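What follows is a short report on a single structure.
Chain identifiers are assigned alphabetically (A, B, ...) following the order of the sequence lines, protein sequences preceding nucleic acid strands; residue numbering begins at 1 within each chain. Keep in mind that the numbers below use all heavy atoms, side chains included, and drop hydrogens, waters and symmetry copies. If you're wondering where the values come from, they're calculated on a predicted model, not measured in any experiment.
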Amino acid sequence: MAELVHSSAGVSQGPAPAAPGAKKAPTANYGILLLPSIGTLIAFFIVPLMIMLGYSFRRFDGPAQVGPVHYVIDNYVKFFTDLFYWEVLGRTLVVAAVVATIAVVIAYPIAYTLARSKSRWKTLMVVIVVLPLITNLVVRNYGWMVILSDNGLLNTFLQYLGLPTLTLMFTTTGVIVALTQVLTPFAVFSLFGVIQQINPQLEESVRGLGGTTWHVVKDVLIPLSWAGILAGWLLIFVQAVAAFATPLLIGGGGRAGQLLATLVFTDAISTLNWPFAAATSFIMTAIVLMLIALQGRMLRAKR
Amino acid sequence: MAELSNAQPSEIVLRLAGVQKYFGSVAAVENVELAVQKNQLVTLLGPSGCGKTTTLRMIAGFEFPTAGQIVIDGKDVTYTPPNKREIGIVFQSYSLFPHLRVSDNVAYGLKRRGVPKEERVQRVREALQLVDLGQFGDRLPNELSGGQQQRVALARAIVIRPKILLLDEPLSALDAKLRQRMRLEIRHLQRQIGMTTVLVTHDQEEALSMSDHIVVMNKGNVEQEGTPSSIYRQPKTSFVASFIGETNLFKGEIVHAANVDGLLVFRADCGFEACIRKADNLEPGRQLLLSLRPETLTISPSQGEAEASPNALRGTVAGINYLGARTVFEIKTPTRDLMVSVQNDAGSEAPVAFVEGQTIRLSWTPDACQIVEIN
Ligand SMILES: Nc1ncnc2c1ncn2[C@@H]1O[C@H](COP(=O)(O)OP(=O)(O)OP(=O)(O)O)[C@@H](O)[C@H]1O
Ligand SMILES: [Mg+2]
């Protein structure tokens, strides 16, 4: 009886006082389960990152480091004082932003269709969406070369239609097309979740109150999927900034292929200038982190 | 508002003619005829899956009929999209815009109609006051209780002054007490502003208490329509008799005239007999149903001398369900069990008057016997 009285009192007090007690016990137990992943994170992510941070302040004394190590900020100064690097930085950000924007725009109707579909073919549609992600990187890019090159499928087709041909291989446009294709699935999935949360009857409410399809999109879908739009955009932006294989293969050795990631790649692999590659990497990371912080603020402002 | 209530009572605002809706090969609505008069509250009543929501959605324009015609205010709108129909709809789940404040929710339809800002603000305030939520304009929907959200949805639908207000099970998400109150409130509001309304429900009590006119639906067809009391007192089919209210239903036939003038004897297949009023269409030998509402039966102690009644028999009390305002007895008779509902007197402990196992006398008048055609 005493127990009964006690428990009913606990319930009547509401969840607020009960929560700390109820939460504490499980957290203490489950914390242990997190140890392996935290350990892995420290050993294979945080520690290498720190080593790299150290590298980024080393003075570059030729590929084979001999003699004492000097710690300087020269690498960062070099990046920000040379116009060439500003140009690469600018191109990288523009390419990533364009890719992310196009991908989100393409992904939205796909995600909407998937989220609202009751079709038996839904699973098949999901497989088709992830196909670019599970296609081997080299195969995918050579596929694009076959399509985009001057005598490729696309131009043959355009010629057949009597239209002017396009130069896409080794251009920024080509890089954007190829990156958009592979990264769009990320936007589809980040949007799929939020769209599924939107009550379809809200769309009918808009129509019932006199709104058109445009009002459904503007007044219900976009505001209520805003978090997914931002998350998807950022996810793709970050990956586009970090992509190097596609820009190397489609963009080539010229300007179109010169993005931050390819720069790091050539510095680290060809010229073996590890300190400068590390510094460039950290500048990239800083930009991405700033954007993530900005996203957090934008989401909070919406609330 | 004045011109609304002075409107001709016979003016028909909404008409459905032979409306049918198939989803693939599934018939959701087979054939619905409906005429809704101005300022009336008409209820579509029926069991789950009988096509009420589908009918309502066709009136709103969210579904287009497979066949038939829908006319609003004399205009064929069968295939008109919802945003061009001037209807107000309240969904079962309210569907308030979760990211908009209450006042913006209510203002939405006015905005879409290009109503200027000042008038909008004014009309939103009036509508919120009408549903008793004058103070809640700045809240978000999730900061309101279920009943309050329900009223916001109502305000949002009526603020645009629609030609027809459509309500799809508007009270089903509320608890019993609140449901009772909202029934009265909606009915009151509907009368006050004079609003042609179509209500969908599977709750017969809701239908009986709120409607001017009830349309009973079954399996995609209209089973019977009429005023609440005519539906309750003169059910035309066994489905209506058993769906609306509780009843004791007997299958049988007229056997012969009774020894009392003007009465006939009905004998059920189970052997139960009752005297019923003579009527032209009641020839002996035809299979019919007899419906005896539980509240039309009278229980009295078997010992006491009883007034002469053509319909009386002995039974024993098999079960007692005390329901507050009334008590429902299960009475075992030689032929079959009957349900009897007795109004409880205030202050007296009614159920104690009879105890389980007690032998009692059961009687009823010939007028209590409703004959229902078998179909
Ligand atoms: N979009 C749809 N696709 C296929 N079948 C449907 C669809 N909508 C309704 N139905 C079917 O049509 C029939 C009638 O449905 P409806 O929703 O009109 O019933 P209801 O009378 O409103 O029932 P309830 O009281 O359960 O809401 C049901 O059998 C239902 O399964
Ligand atoms: Mg329904």
Stepwise salt bridge (charged side-chain N to carboxylate O under 4.0 Å, His left out) check, R207(A) with E203(A): CA-CA 7 Å; R207(A) 288 180 206 280; E203(A) 299 169 30; 5.4 Å; no
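For chain A, the nearby parts of F97(B) are the backbone and the side chain; heavy atoms of each come within less than 4.5 Å. In this structure, chain A has a heavy atom under 4.5 Å from the side chain of I160(B), while its backbone stays farther away. Neither the backbone nor the side chain of L166(B) comes within less than 4.5 Å of any heavy atom of chain A. At a 4.5 Å heavy-atom cutoff, the contact between R57(B) and chain A is made by side-chain atoms alone.
Side-chain N or O atoms of T92(A) include none that pairs as donor or acceptor with a backbone N or O of V241(A) at under 3.5 Å.
The pair R187(B)-D212(B) meets the salt-bridge criterion, with a side-chain N (NZ, NE, NH1 or NH2) lying under 4.0 Å from an Asp/Glu carboxylate O. Ion pairing between K21(B) and E30(B) fails under the 4.0 Å rule for side-chain N and carboxylate O.
For R120(B) and Y108(B), the positive end is not near the middle of the six-membered ring at less than 6.0 Å and at most 45° from its axis.
The candidate from P82(B), G109(B), S95(B), S93(B) with the greatest count of non-hydrogen atom pairs under 4.5 Å with chain A is S95(B). Note on L209(A), L202(A), N199(A), V206(A): by heavy-atom pairs under 4.5 Å with chain B, the leading option is L209(A).
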